[in-house]
Amino acid sequence: MKPLPVLVLGGGIGGLAAALALARKGCAVRLFEQGSELKEIGAGIQLGPNVYRMFEALGLTDAIERWSAHPENLVMMDALTGEEVTRIPVGSEAFRKRFGGYPYGVIHRGDLYQVLLEACRAEKRIELNEKRKGLDYEERSARVGLQLDGREVAEGACLIGADGLWSKVRARIVGDGKPRVSGHIAYRAVLPRAEVPDDLWQNNVVLWAGPKTHLVHYPLRRGELYNLVAVFHSDRYEEGWDVFGDTDELRRKFEHERAEVKRLLDKINVWKMWVLCDREPARRWSKGRVTLLGDAAHPTLQYLAQGANMAIEDAVVLAACAGITEFDWEKTFRLYEDARYKRTARVQIMSRYYGDAYHAAGVVRELRNDVLAPKAGAAPDFEGVAWLYDGIRLPQPNR
Ligand SMILES: Cc1cc2nc3c(=O)[nH]c(=O)nc-3n(C[C@H](O)[C@H](O)[C@H](O)COP(=O)(O)OP(=O)(O)OC[C@H]3O[C@@H](n4cnc5c(N)ncnc54)[C@H](O)[C@@H]3O)c2cc1C
């Protein structure tokens with residue numbers, strides 16, 4: 001009898017990465033995405049050296065490198081005074097050497113998505129289904145039935161809920177209600193190169209930190225585009241990642257900041273907005289033959305730029321665990337969450353602290369600038385980010 005496939009609910013970055021990693025281990029995978037098209041919406045994604053290790057494990061390094069670009073520095077600026085607070089030279093030889101030869105990159109979300117999608121389409125073991133919404137599931141002896149709209153029930157050996165921040169699968173497994181609304185909103189837009197004033201163009205990821213606000217910008221698609229993300233405190237709440245923003249509210253929030261910030265914001269009339277949410281870290285996110293992955297398992301604020309990086313790490317670790325247990329799914333999921341919960345919790349918690357530091361005001365802002373100021377004459381020190389960018393060691397079989 002043919003073994004039952006692995007079911008993946010959700011065709012975002014995490015779902016595709018999971019399908020790919022498992023297919024590469026020999027599993028048949030059926031993936032269901034509710035959207036009418038498998039696609040990722042605009043804007044940029046930063047890629048740490050930790051995720052380049054995962055691209056290597058998935059055989060995707062060359063494809064990613066065709067689309068990604070490598071900024072010279074991560075720079076933090078004070079949005080009130082225009083002073084540089086600190087920088088990490090992520091484009092330097094010293095950085096690459098410190099992190100095992102792996103680079104720091106930026107990529108358009110659509111390009112990253114396309115690389116994953118093409119790799120999935122090239123895998124005969126993966127079946128991709130669009131316009132298929134998962135409604136519920138049922139676990140029966142050694143199988144899972146995923147109920148889809150249109151009354152179909154897909155039968156699988158196990159189910160991976162990669163269904164994002166508002167995960168239905170999580171509601172069954174963890175049951176911790178709605179996500180935590182952070183009170184921060186992100187507005188994002190992408191500018192063509194020609195519309196960016198020359199004096200504001202730089203091959204750096206720049207973060208302008210202001211009281212209760214920040215603006216991030218960096219070039220994308222090898223310099224054809226400029227990615228802008230503006231974040232501010234607000235009590236608006238709307239679900240989804242594709243809602244139009246209020247340009248007047250945005251301008252008011254940044255009105256006391258440096259001219260460089262306002263000139264960039266003024267270039268854009270149409271913004272898409274995200275209400276930023278996360279959750280408290282969970283110790284367990286699997287039950288029987290069902291587990292979670294990516295934002296469904298450990299949604300994080302984006303201040304470390306690691307949500308998608310973590311989803312891809314999850315996928316590679318999950319597949320490694322399946323190999324170790326020889327596809328005993330209950331054991332696989334236990335091993336996988338044991339390997340992942342502390343690292344992903346650290347990203348969730350540290351992202352909140354980073355957000356507080358970016359948005360500091362008054363004395364806290366001054367202190368932040370003092371603490372982060374580089375020591376005169378000292379070589380760049382990467383140890384503060386080493387826990388993250390050193391990446392992970394894949395679980396190994398017990399000998
Ligand atoms: C402003 C901002 C900037 C960011 N920048 C970065 C960055 O620089 N680097 C980084 O690594 N991360 C970044 N992130 C985080 C990153 O975008 C997310 O962590 C990542 O996209 C999560 O992927 P996912 O596949 O787990 O979830 P999602 O991308 O949310 O995918 C879930 C999918 O499941 C589908 N789905 C949901 N419910 C169902 C259902 N019932 N049936 C079928 N399908 C369903 C959805 O349609 C969706 O396609 C950023 C996030 C924000 C908000």
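First listed ligand is number 1; within each ligand, the first listed atom is number 1.
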Presence of salt bridge, [Y] and [X], under 4.0 angstrom:
| X | Y | result |
| --- | --- | --- |
| Lys262 | Glu255 | no |
| Asp199 | Arg263 | yes |
| Asp381 | Lys375 | no |
| Lys287 | Glu139 | no |

Quiz prompt | ligand 1 contact by Arg188, heavy-atom criterion under 4.0 angstrom | solution =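 Per 4.0 Å heavy-atom rule, Arg188 does not contact ligand 1.
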Practice problem: Look at ligand 1 and say whether Met310 reaches it with a heavy atom at a distance under 4.0 Å. | Solution: no
Answer yes or no: does an N/O atom from [X] fall short of 3.5 Å to an N/O atom of ligand 1?
| X | answer |
| --- | --- |
| Trp274 | no |
| Ala308 | yes |
| Asp295 | yes |
| Asn309 | yes |
| Lys168 | no |
| Gly307 | yes |

What atoms of ligand 1 come closer than 4.0 angstrom to any heavy atom of [X]?
| X | answer |
| --- | --- |
| Ala305 | 7 (C), 8 (O), 9 (N), 10 (C), 11 (O) |
| Phe32 | 43 (C), 44 (N) |
| Gly294 | 26 (O) |
| Leu276 | 53 (C) |
| Ala162 | 32 (C), 33 (C), 34 (O) |
| Gly12 | 25 (O), 31 (O), 33 (C), 49 (O) |
| Gly164 | 27 (O), 30 (O), 32 (C) |
| Ile13 | 25 (O) |

Measure from NZ or CZ of [X] to the centre of the six-membered ring of [Y] and say whether it is under 6.0 Å with the direction within 45° of the ring axis.
| X | Y | answer |
| --- | --- | --- |
| Arg193 | Trp201 | yes |
| Arg346 | Trp387 | yes |
| Arg283 | Tyr341 | yes |

Quiz prompt | Members sharing Leu135's hydrophobic cluster (side chains within less than 4.5 Å) | solution = none
Have a look at ligand 1 and work out which part of [X], if any, has a heavy atom under 4.0 Å from it: side chain, backbone, both or neither.
| X | answer |
| --- | --- |
| Arg109 | side chain |
| Thr300 | neither |
| Leu9 | side chain |
| Ser167 | neither |
| Gln46 | both |

Quiz item: With respect to atom 25 (O) of ligand 1, which of Gly48, Gly14, Gly10 exhibits the smallest heavy-atom separation?
Solution: Gly14
Exercise. Classify the ring geometry between His359 and His214 as parallel (under 30°), tilted (30 to 60°) or perpendicular (over 60°).
Key: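 It falls in the tilted class, 30° to 60°.
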Quiz item: Is there a path of hydrophobic side-chain contacts, each under 4.5 Å between heavy atoms of I, L, V, M, F, W or Y residues, that connects Leu146 with Leu4?
Solution: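 No: no chain of side-chain contacts under 4.5 Å links Leu146 to Leu4.
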Quiz item: Which residue pairs satisfy the side-chain hydrogen bond (donor to acceptor under 3.5 Å, both in side chains) criterion with at least one member in residues 7-22, sequence neighbours excluded?
Solution: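 Sorted pair list comes back empty.
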Self-check item: Glu33 vs Asn129, side-chain hydrogen bond (donor to acceptor under 3.5 Å, both in side chains): CA-CA, chis, key distance, verdict
Solution: CA-CA 6 Å; Glu33 163 58 40; Asn129 299 280; over 6 Å; no
Practice problem: Keeping the roles fixed (side chain from Asn204, backbone from Asn73), state whether a donor-acceptor pair exists under 3.5 Å. | Solution: yes
